[in-house]
Amino acid sequence: MLKTPSPFVVPIKLPRIFSKTLVSAISYIVFAFLDLLDIVLCLFYRFIDGVKEGSTHLCYCKNRGTQRKYVNGENEEYTELSETFYERKNIFRDMGFFKLTKENEEGLIKKEGSVMVKNRWSDCKCESCLSWQKFEDQNLHVAVKQPSPIENLESAENVILLHGFLSSSYLWTENVFLNLSKNGNQNCRLFAVDLLGFGKSPKPSDCFYTINDHLEMVEKSVIDQFQLDSFHLVAHSMGCIIALGIAAKYQKSVKSITLIAPPYFPSSTEQASLNALNRLAERKIWPPLLFGSSVMSWYEHVGRSICFIICRNHRTWEWLLKLVTRKRELSFLFMDLTRHTHHSAWHTMHNVICGGAKLIDRYLEAVTSSELMLTVIQGDKDEVVPSECIHNIKLKVPSAEIRIIPNANHNSPILDRKEDICKDLEHIWFSSAEKYEQKIL
């Protein structure tokens with residue numbers, strides 16, 4: 001027997017269809033305006049850079065649709081840049097307007113040696129932001145928590161902790177370092193890293209911030225510096241990609257891997273990087289967090305302008321916020337948002353988060369083949385990394401342990417569960433250490 005359609009179905013669906021259509025129309029207008037604005041700002045910065053620095057800097061407005069590479073040194077070692085640099089949508093450039101230069105057939109960028117170039121005129125030049133330039137040996141900033149008593153150093157579990165995008169080692173020092181149990185304090189040695197281009201670590205302007213750049217700096221500043229023969233890896237968000245890269249390289253040294261909110265999309269398609277960009281920073285005006293991500297990820301020159309206003313003047317903004325909130329100290333979450341240059345954030349976003357989509361399958365296969373203990377944690381209300389990512393990893397690595405935290409967003413599995421996350425981590429470290437010992441015997 002056929003059911004009579006409810007008279008309330010149409011009235012309920014119409015508002016939803018209308019609201020989606022309205023949002024789509026507004027999004028199109030807003031992003032069309034941003035497309036044009038980015039072109040105008042490109043011309044502006046080309047002129048200002050020439051005046052203030054004596055030369056114009058390469059941007060990614062040229063050679064659209066052609067993946068570029070850079071040449072590293074005299075041996076001409078080629079490293080691919082993410083295709084998202086050159087294949088981002090722009091209505092006006094895609095239609096052939098505003099071509100700035102002739103196409104470069106080879107599409108190569110010459111890397112300017114290994115010298116740490118000073119910050120650009122649009123970057124902050126305060127003592128804190130330039131402190132890394134005072135040291136001859138350019139290592140990452142690493143916060144170390146030694147076991148207590150120090151006599152336990154030789155038998156302690158070494159743990160490398162990697163933060164996510166626009167964050168720093170404070171994520172770990174404020175939430176994990178201070179909340180370990182007595183057993184954890186006595187038997188663990190923690191290394192919380194400020195990744196290249198963030199926090200107190202170097203922010204060279206002659207670096208493309210590829211995954212290899214990040215891996216080499218972690219290797220140099222932690223694994224080699226402290227002579228680690230074995231260690232655990234803990235990472236959040238973007239740091240998960242770097243952690244998997246380390247695990248793939250040091251399969252025999254890694255005891256366990258804990259990934260919190262990892263951005264993982266299977267890279268079966270040729271345009272894996274573009275897929276990651278579209279999934280993590282889709283061009284939409286709603287929700288606001290997604291809109292902010294899309295603006296900073298799709299628009300090189302609009303993003304640079306925002307960094308010029310916010311990051312370059314972070315001391316003023318911090319002073320105003322202290323005045324309004326009547327607090328002597330601000331949360332590290334706010335401070336970390338400005339502790340980078342546009343160059344370091346822009347390249348890390350595209351070369352690690354997007355470009356890493358082409359490599360992460362290979363990293364996971366190495367983890368699977370070496371039978372490393374993999375634990376993945378994510379909040380069920382994460383608006384930054386889609387919940388499908390954690391299920392994608394489970395399909396790729398069936399042995400992975402999955403933990404979904406109820407009523408938790410992107411950061412709250414760490415920020416709102418300080419004691420619980422420490423208990424979870426300590427259990428992983430000590431249980432995997434036993435399996436590791438049995439494995440090598």
Side-chain angles (χ1 to χ4, degrees), residues 57-60 68 70 72 79-86 88 109 111 116-117 119-120 122-124 129 132 138 140-141 161-171 193-221 235-246 261-264 272-274 276-277 279-281 292-304 306-307 310-311 336-360 363 384-385 410:
H57 292 261
L58 288 170
C59 66
Y60 297 97
R68 299 278 289 282
Y70 69 74
N72 185 16
T79 301
E80 287 190 357
L81 301 178
S82 172
E83 61 264 32
T84 55
F85 284 122
Y86 295 101
R88 290 169 291 119
I109 303 174
K111 191 174 181 182
M116 298 290 184
V117 179
N119 283 16
R120 303 177 70 175
S122 55
D123 296 328
C124 180
C129 291
W132 61 272
Q138 297 295 341
L140 300 178
H141 171 76
L161 302 107
L162 306 175
H163 62 79
F165 192 60
L166 301 186
S167 186
S168 77
S169 56
Y170 279 118
L171 176 70
V193 180
D194 279 0
L195 291 172
L196 183 66
F198 299 93
K200 298 178 182 178
S201 285
K203 305 170 182 65
S205 60
D206 64 340
C207 176
F208 288 99
Y209 296 87
T210 63
I211 290 182
N212 282 337
D213 290 329
H214 285 280
L215 293 180
E216 288 174 3
M217 286 300 286
V218 173
E219 182 179 39
K220 171 188 173 185
S221 305
H236 177 242
S237 194
M238 177 198 75
C240 296
I241 302 172
I242 299 172
L244 286 171
I246 296 172
Y264 168 59
S273 299
L274 282 170
L277 176 62
R279 298 306 304 276
L280 297 171
S293 298
S294 61
V295 171
M296 298 303 292
S297 302
W298 288 85
Y299 299 103
E300 180 177 4
H301 304 291
V302 173
R304 183 180 175 185
I306 293 173
C307 285
I310 303 297
C311 300
D336 286 347
L337 288 175
T338 64
R339 294 299 192 267
H340 61 86
T341 64
H342 175 255
H343 183 83
S344 66
W346 172 257
H347 285 83
T348 297
M349 169 66 194
H350 287 276
N351 279 331
V352 176
I353 299 178
C354 297
K358 296 182 294 185
L359 302 172
I360 196 168
Y363 295 157
V384 177
V385 174
H410 190 60

Anything under 30° is parallel, anything over 60° is perpendicular, the rest tilted; go ahead and classify F208 against H347.
-> perpendicular
Would you give the length of the straight line joining atom CG of L274 to atom OG of S82, rounded to the nearest 0.5 angstrom?
-> 7.0 Å
By side-chain contact (heavy atoms from CB on, under 4.5 Å), which residues pair with L359, not counting sequence neighbours?
-> I211, R362, Y363
State, yes or no, whether a side-chain contact exists between M349 and M238 at a heavy-atom distance under 4.5 Å.
-> no
Distance from C354 atom SG to L81 atom CG, nearest 0.5 Å?
-> 12.5 Å
How far apart are the closest heavy atoms of S168 and G199, and which atoms are they?
-> CB-CA, 4.2 Å
Flag for R304-S122: side-chain donor and acceptor within less than 3.5 Å | yes
With S201, which residues qualify under side chain to side chain donor-acceptor pair (under 3.5 Å), at least two apart?
-> none
Sequence neighbours left out, what passes side-chain contact (heavy atoms from CB on, under 4.5 Å) with S167? Give chain and number order.
-> H163, L171, D336
How would you list, by chain and number, every residue that makes a salt bridge (Lys or Arg N to Asp or Glu O under 4.0 Å) with E219, sequence neighbours excluded?
-> K249
Is the closest side-chain heavy-atom distance between H340 and W346 below 4.5 Å?
-> no
Looking only at atom types and distance, does a side-chain atom of S237 sit under 3.5 Å from a main-chain N or O of G164, one as donor and one as acceptor?
-> no
Partners of D194 by side chain to side chain donor-acceptor pair (under 3.5 Å), sequence neighbours excluded?
-> S169
All ring-ring contact (aromatic ring centres under 6.0 Å, His included) counterparts of F165, not counting sequence neighbours | F198
Given side chains that start at C-beta, do those of P263 and L280 come closer than 4.5 Å, heavy atoms only?
-> yes
Residue set satisfying side chain to side chain donor-acceptor pair (under 3.5 Å) with H343, at least two apart, ordered chain then number -> none
Report the distance from atom NE2 of H342 to atom NZ of K203, rounding to the nearest 0.5 Å.
-> 15.5 Å
Does any N or O in the side chain of S344 come within less than 3.5 Å of the main-chain N or O of G197, such that one atom is a donor and the other an acceptor?
-> yes
Would you say Q138's side chain and P202's backbone share a donor-acceptor pair under 3.5 angstrom?
-> no
Out of curiosity, T338 OG1 to I310 CD1, how far, rounded to the nearest 0.5 Å?
-> 9.0 Å
side-chain contact (heavy atoms from CB on, under 4.5 Å) involving V295 - partner list, sequence neighbours excluded | L34, F291, V302, I306
Enter the distance from L162:CG to I242:CD1 here, rounded to the nearest 0.5 Å.
-> 6.5 Å
Going by heavy atoms in the side chains, are C307 and M296 under 4.5 Å from each other?
-> yes
Could you pull out all residues at least two apart from H236 that satisfy ring-ring contact (aromatic ring centres under 6.0 Å, His included)?
-> H410
Specify the closest pair of heavy atoms between I241 and V352, including all atoms of both residues, with the distance to one decimal.
-> CD1-O, 3.5 Å
Note, L277 side chain near W298 side chain (heavy atom, < 4.5 Å) | yes
Starting from the C-alpha separation in whole Å, work towards a yes-or-no answer on side-chain contact (heavy atoms from CB on, under 4.5 Å) for H214 and N351.
-> CA-CA 10 Å; H214 285 280; N351 279 331; over 6 Å; no
Can you name the residues that form a ring-ring contact (aromatic ring centres under 6.0 Å, His included) with H301, not counting sequence neighbours?
-> none
Check against side-chain contact (heavy atoms from CB on, under 4.5 Å), T348 and I353 | CA-CA 7 Å; T348 297; I353 299 178; 5.6 Å; no
Results of side-chain contact (heavy atoms from CB on, under 4.5 Å) for S293 - residues two or more places apart only | A281
Could you tell me which non-hydrogen atom of C311 sits nearest to which non-hydrogen atom of C124, and how far apart they are?
-> O-CB, 3.7 Å
Given the rule in the side-chain contact (heavy atoms from CB on, under 4.5 Å) test, do D213 and T210 qualify, once you have shown the distances and angles that lead to the verdict?
-> CA-CA 5 Å; D213 290 329; T210 63; 3.1 Å; yes
Not counting sequence neighbours, which residues clear side chain to side chain donor-acceptor pair (under 3.5 Å) with Y209? List them please.
-> none
Kindly indicate whether the side chain of C207, heavy atoms from C-beta on, has any atom under 4.5 Å from the side chain of L196.
-> yes
